[in-house]
Amino acid sequence: MPQSADKVKDHISLFQEPEYKELFENKKANYECRVSDEDVAKQIEYTKTWEYREKNFARKHAVINPPRACQPLGSVYAAAGFEGAMPYVHGSQGCAAYFRSHLSRHFKDAALCVSDSMTEDGAVFGGLNNLVDGLQNCYALYKPKMIVMSTTCMSEVIGDDLSAFIATAKEKEVIPADFPVPFAHTPSFVGSHLNGYDLMIKGVFSYFWDREAQLTPVKGETINIIPGFDGYAPANNREIERYLGMMGVDYTLICDVKDTFDSPTDGHYKMYYGGTKLDDVRASINAKATVSLQEFSTEKTLEYVATKGQETVALNSPMGLTGTDAFLMTVSKLSGKAIPEELEVERGRLVDAIADSAAWLHGKRVSVFGDPDFVYGLTGFLLELGMEPVHLLASNGNSDWEAKMKELLASSPFGGSGQVFINKDLWHMRSLLFTEPVDLLIGSSYGKYLEKDTGTPFIRLGFPIFDRHHHHRFPTFGYQGALRILVEILDRVFEVADNASDISFDLTR
Amino acid sequence: MSLDNPNDPVVNEALIKEVLEAHPEKAAKKRARHLGMVKDGPDGNPTCGVKSNIKSVPGVMTQRGCAYAGAKGVVWGPIKDMVHISHGPVGCGHYSWSQRRNYFTGTVGIDSYVTMQITSDFKEKDIVFGGDKNLEKMIDELEEMFPLNKGYSILSECPIGLIGDDIEAVAKKKSKDTGKIVVPCRCEGFRGISQSLGHHIANDCIRDWVLDKNEQQWETGPYDVNLIADYNIGGDAWPSRKLLEEMGLRVIGQWTGDSTLAEIERAPKAKVNLIHCYRSMNYICRHMEEKHGIPWHEYNFFGPTQIAKSLRAIAALFDETIQENAEKVIAKYQPLADAVIARFKPRLDKKRVMLFVGGLRPRHTATAYEDLGMEVIGSGYEFAHNDDYQRTAHYLKEGTLIYDDASEYELEKFIEKLRPDLVGSGIKEKYGTQKMGVPFRQMHSWDYSGPYHGYDGFAVFARDMDLAINAPVWGKVKAPWKLAEAAE
């Protein structure tokens with residue numbers, strides 16, 4: 001008998017037992033009508049070829065394993081970064097369930113989102129009644145300070161007008177007339193989660209700066225920092241704030257999910273925990289400047305902020321030495337505050353660590369996939385480490401990103417073998433890894449299938465990370481983040497070396 | 001509030017009232033019908049006393065999903081040798097990518113496609129001009145990429161039904177071109193009110209596009225059965241299959257966890273359909289009963305009491321040989337079950353559980369908890385119908401709190417007030433519950449564990465409930481200085 005009470009075997013070991021192996025064989029041989037093992041083996045080999053790669057890259061319609069989510073996920077994430085805010089999806093309820101699950105699986109924390117559960121009659125008559133009831137119920141039950149509304153495919157295809165609908169709801173007095181309901185139209189057939197993030201941050205700004213009251217900016221000394229859609233936000237935001245605190249900069253983090261998605265367990269569930277204060281959002285129009293840490297999740301937002309007379313700066317994830325340096329120098333220049341000695345020491349410790357280990361990394365070939373700014377920031381760091389970025393894929397990257405990436409690669413002697421891919425998916429990446437093998441693959445949890453198929457050693461970095469716990473509680477930004485990434489890369493490289501040969505099984509590396 | 005009697009109807013009544021009072025009047029009136037308790041009905045049989053399968057109230061944060069989730073995520077997705085196309089924008093396929101843990105044997109991307117996200121990735125121009133032409137070309141490309149696949153399902157996302165695409169025509173054409181089964185499934189998320197209609201639509205697609213389409217070369221035997229509506233989450237269907245095979249039955253189709261298209265097509269050749277998740281596949285069982293004359297029989301493979309009962313009931317459908325075999329199987333495994341209970345019951349005895357899950361688990365697992373000395377004090381379904389609740393009442397004790405399509409608010413309040421020793425629900429409910437210091441197990445995905453079905457699975461179930469409830473961390477939730485202050 002394979003199972004026992006003393007040593008309970010779950011799926012990980014149970015199905016390796018002979019009884020189950022026999023069951024699989026028997027099922028396969030007698031009932032499944034599978035293709036022959038020879039055909040399977042032949043097809044496996046064929047998918048490794050250049051010929052298959054060419055067919056794969058000739059695909060124009062079938063999208064296979066794209067590492068990219070849809071707009072409203074980004075807007076729900078964005079909503080979660082504000083004080084007392086309830087994300088609200090106008091349209092099908094299934095979407096809301098998916099967004100909540102997706103965010104919870106990554107952050108290992110509760111994720112909220114109300115929907116107004118539109119069904120077939122909504123498709124025929126429009127979703128106004130759902131929206132009015134939805135706002136009333138959400139307001140009464142969850143007592144939010146603000147409801148942040150995005151849309152799904154359904155309400156977009158039928159053309160519901162959020163601005164008019166919300167106005168009607170206020171006329172019907174289901175919520176107070178002055179109750180903030182910023183919104184963004186976020187159909188899933190446009191862009192990716194990054195665009196949804198962008199539109200919603202813009203929506204929140206424009207609600208408080210233009211709609212609630214027409215504010216006139218009075219330039220002050222504060223700097224707005226927009227972190228962008230970031231799976232490591234709990235740790236990265238804290239890291240960024242530590243730097244700003246050390247420099248004595250007066251700042252506002254716009255959309256701060258660090259507490260929302262990393263709240264303590266203390267016996268009470270607090271539905272609203274953390275987030276940027278609404279008064280701070282109102283006041284943020286008076287900032288001296290707005291710095292986005294991720295250009296490609298804030299394009300529209302920065303455009304809008306600039307119309308208020310603010311200086312705007314877009315960075316591409318402050319990762320590694322250059323990325324972090326650029327962040328600190330940008331903030332220093334904008335605020336007039338010096339970069340303190342302690343931070344220079346911290347930087348020096350990172351340089352020290354890189355110098356200690358660079359020999360192990362020099363010339364190692366790496367492929368990376370993920371969101372555009374993540375890929376850009378990480379590529380910059382890899383170049384600093386003397387590694388060679390090879391396949392750099394952002395399925396949601398645009399042509400500006402592509403051009404910028406090429407520029408970055410051209411700036412380093414280690415960038416020569418770098419190829420940049422937009423609008424490509426992980427099935428393309430599979431062909432790339434088979435035909436032009438690399439030493440390391442870096443990306444979100446979906447990369448585990450590529451590691452299994454191609455045997456490429458894999459490091460999990462990016463969004464989402466579902467199959468490893470708590471990575472998001474440690475930064476990837478700043479010098480500390482760089483140190484963390486450095487150690488993860490080194491650990492994997494050493495693991496590969498340890499497993500490669502009995503002879504070179506060195507105690508000291 | 002006295003919690004000495006967890007099923008105190010007065011306590012539960014007050015709790016329901018308190019929760020309803022937080023709602024606006026119209027919503028309270030609607031929700032009142034979905035909250036109740038197990039009690040004796042007018043006919044003397046126990047009833048759950050709730051209405052079900054009704055539209056969710058907008059804005060209350062229902063935990064329900066959509067028809068696409070029911071059709072793709074539940075029914076079609078696990079069929080391993082077919083390519084399942086999420087037809088529409090990228091999101092739906094993305095969020096459901098590899099999340100149901102439908103285990104299978106096979107090589108991904110070569111002869112099996114379960115853990116892949118294959119989508120037509122609709123853009124604005126597809127909404128304007130329609131997606132049929134691209135869908136056709138997409139299937140041609142997929143033939144190039146995955147030549148060993150046995151067929152396709154086309155799972156519609158919301159926009160498809162709204163823009164008037166004719167995916168049925170595409171399916172017919174591509175079926176002719178490829179010589180394979182191509183199934184158009186109209187499971188747009190706005191259809192119906194929950195995952196449930198998606199199950200129904202998916203069942204109808206099996207009926208209309210798969211069964212009786214190809215001639216089946218199958219020599220039938222007297223003991224041929226189909227194992228229906230086990231999605232092999234964490235490998236659940238395998239210990240179940242093992243028990244059926246050990247008692248001498250021939251499982252000619254395993255639906256749909258780890259199944260191949262052949263197992264679906266062959267199903268009408270069976271003598272009986274054994275159905276585990278009634279909600280998601282009763283429709284196709286009724287069809288096969290009507291059209292092919294195959295009776296169907298519900299069973300429950302959670303926990304030794306129900307397993308033994310089910311094995312005997314299944315055996316009773318066959319001859320004495322099978323009945324004798326069933327007794328042998330029960331005798332073989334009872335010592336394992338006894339040992340599991342001996343080990344875990346002392347650690348779990350009298351622990352109180354609240355459940356809120358999907359198709360069958362709010363009732364099917366109740367007796368498994370009781371096997372371990374535990375008691376279910378509250379239970380509810382995301383998307384059950386009246387016939388599910390009819391099947392539920394006799395599993396539960398009088399006074400058990402029942403909540404249908406419970407919202408985040410209701411669940412949170414119920415958990416907060418009743419403070420059970422364990423909550424079994426889903427990923428959306430997990431982390432908020434744990435913040436309260438209440439142990440939790442995901443009962444959709446088995447919290448990445450399993451299998452839970454069969455005797456082999458019961459051991460895992462018992463172990464997991466123990467490791468959730470008796471984790472030392474729950475004793476450390478409050479800072480000791482706060483506890484000291486509270487004691488003063």
Side-chain angles (χ1 to χ4, degrees), chain A residues 1 3 5 8 10-11 14-15 20 23-24 31-35 39-40 43-44 55 59 61-66 68-70 92-94 97-98 100-102 104-105 109-110 114 116-120 123 130 133-138 140-141 153-154 157-158 188-190 265-267 269, chain B residues 22 24 27 56 58-62 64-66 69 89-91 94-95 105 107 110-111 116-119 121-124 127 134 137-138 141-142 144 148 158-159 162 189-190 193 234-235 242 260 262 336 339-340 343 409 427-428 431-432 434-437 449-450 456 459-460 463 477-478:
Chain A
M1 192 171 305
Q3 188 60 286
V8 174
D10 63 19
H11 57 95
L14 184 65
F15 300 132
Y20 280 98
L23 181 146
F24 299 151
Y31 303 101
E32 292 191 341
C33 301
R34 295 255 280 274
V35 289
D39 284 349
V40 168
Q43 178 67 12
I44 290 175
K55 279 188 186 174
R59 268 192 285 132
H61 306 283
V63 178
I64 306 169
N65 297 349
R68 160 169 53 89
C70 66
S92 305
Q93 70 196 15
Y98 276 146
R100 295 178 66 202
S101 304
H102 202 72
S104 281
R105 284 175 182 134
D109 219 301
V114 150
D116 51 25
S117 302
M118 282 173 70
T119 53
E120 271 169 309
N130 292 72
D133 286 353
L135 279 178
Q136 181 180 31
N137 292 329
C138 174
L141 274 185
C153 298
M154 182 201 184
V157 173
I158 64 175
S188 303
F189 44 82
V190 176
T265 287
D266 58 7
Y269 170 50
Chain B
S56 299
V60 299
M61 212 182 315
T62 171
R64 280 173 171 173
C66 63
V90 72
H94 187 74
Y95 308 119
T105 62
T107 310
I110 306 298
D111 69 346
M116 300 184 76
Q117 136 69 333
I118 295 170
T119 175
D121 192 16
F122 257 45
K123 304 290 187 215
E124 209 153 12
I127 303 291
N134 286 346
K137 290 181 193 155
M138 177 184 185
E141 289 177 358
L142 291 170
E144 291 261 330
L148 303 185
C158 284
L162 298 170
F190 62 82
I193 55 168
K242 187 154 76 90
T260 58
L336 169 67
V340 168
R343 179 173 168 199
Y409 180 87
I427 184 77
K428 302 191 290 299
Y431 298 104
Q434 290 187 168
K435 304 273 179 205
M436 297 186 215
S449 179
D456 289 350
V460 185
R463 180 202 68 177
V477 168
K478 294 265 187 232

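Sequence lines set the chain letters: A, B, ... in the order given, protein chains first and strands last, and positions in each chain run from 1.
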Looking only at heavy atoms, what is the nearest atom pair of [X] and [Y], with distance?
X      : Y      : answer
B:G234 : A:F15  : O-CE1, 3.5 Å
A:D266 : B:K478 : O-NZ, 3.0 Å
B:R343 : A:A5   : NH1-O, 2.6 Å
A:G267 : B:V477 : N-CG1, 3.2 Å
B:Y431 : A:S104 : CE1-O, 3.6 Å
A:T265 : B:K435 : OG1-CA, 3.6 Å

Interatomic distance, [X] atom [atom1] to [Y] atom [atom2] [nearest 0.5 angstrom]:
X      : Y      : atom1 : atom2 : answer
A:R59  : B:M138 : CZ    : CE    : 9.0 Å
B:T107 : A:I44  : OG1   : CD1   : 4.5 Å
B:I427 : A:R100 : CD1   : CZ    : 10.5 Å
B:L162 : A:C153 : CG    : SG    : 9.0 Å
A:D10  : B:R463 : CG    : CZ    : 4.5 Å
A:S188 : B:K123 : OG    : NZ    : 10.5 Å

> Can you name the salt bridge (Lys or Arg N to Asp or Glu O under 4.0 Å) partners of B:E124, sequence neighbours left out?
Replying inline: none

Engaged part of [X] at the chain B interface, taking heavy atoms whose separation is under 4.5 Å:
X     : result
A:M1  : side chain
A:F24 : side chain
A:L14 : side chain

Using atom types as modelled and distance alone, determine if a side-chain donor or acceptor of [X] lies under 3.5 Å from a backbone N or O of [Y].
X      : Y      : answer
A:Q93  : B:I193 : yes
A:N65  : B:Q117 : yes
B:K428 : A:A110 : no
A:N137 : B:P58  : yes

> If you count heavy-atom pairs under 4.5 Å with chain B, which of A:M118, A:M154, A:R68 comes out on top?
Replying inline: A:R68

>> Just so I understand: if I count every heavy-atom pair under 4.5 Å between each of A:S92, A:A69, A:S117 and chain B, which residue has the most?
In response: A:A69

> Between A:H102 and B:Y95, how do the two ring planes meet: parallel, tilted or perpendicular, split at 30° and 60°?
Replying inline: perpendicular

Under 4.5 Å between any side-chain heavy atoms of [X] and [Y], yes or no?
X      : Y      : result
B:D121 : A:P66  : no
B:D111 : A:Q43  : no
B:C158 : A:V157 : no
B:V460 : A:H11  : no

> Is chain A contacted by the side chain of B:L148, its backbone, both, or neither, given a heavy-atom distance below 4.5 Å?
Replying inline: both

>> Using a 4.5 angstrom heavy-atom cutoff, name the option from B:V340, B:I118, B:I110 with the most pairs to chain A.
In response: B:I110

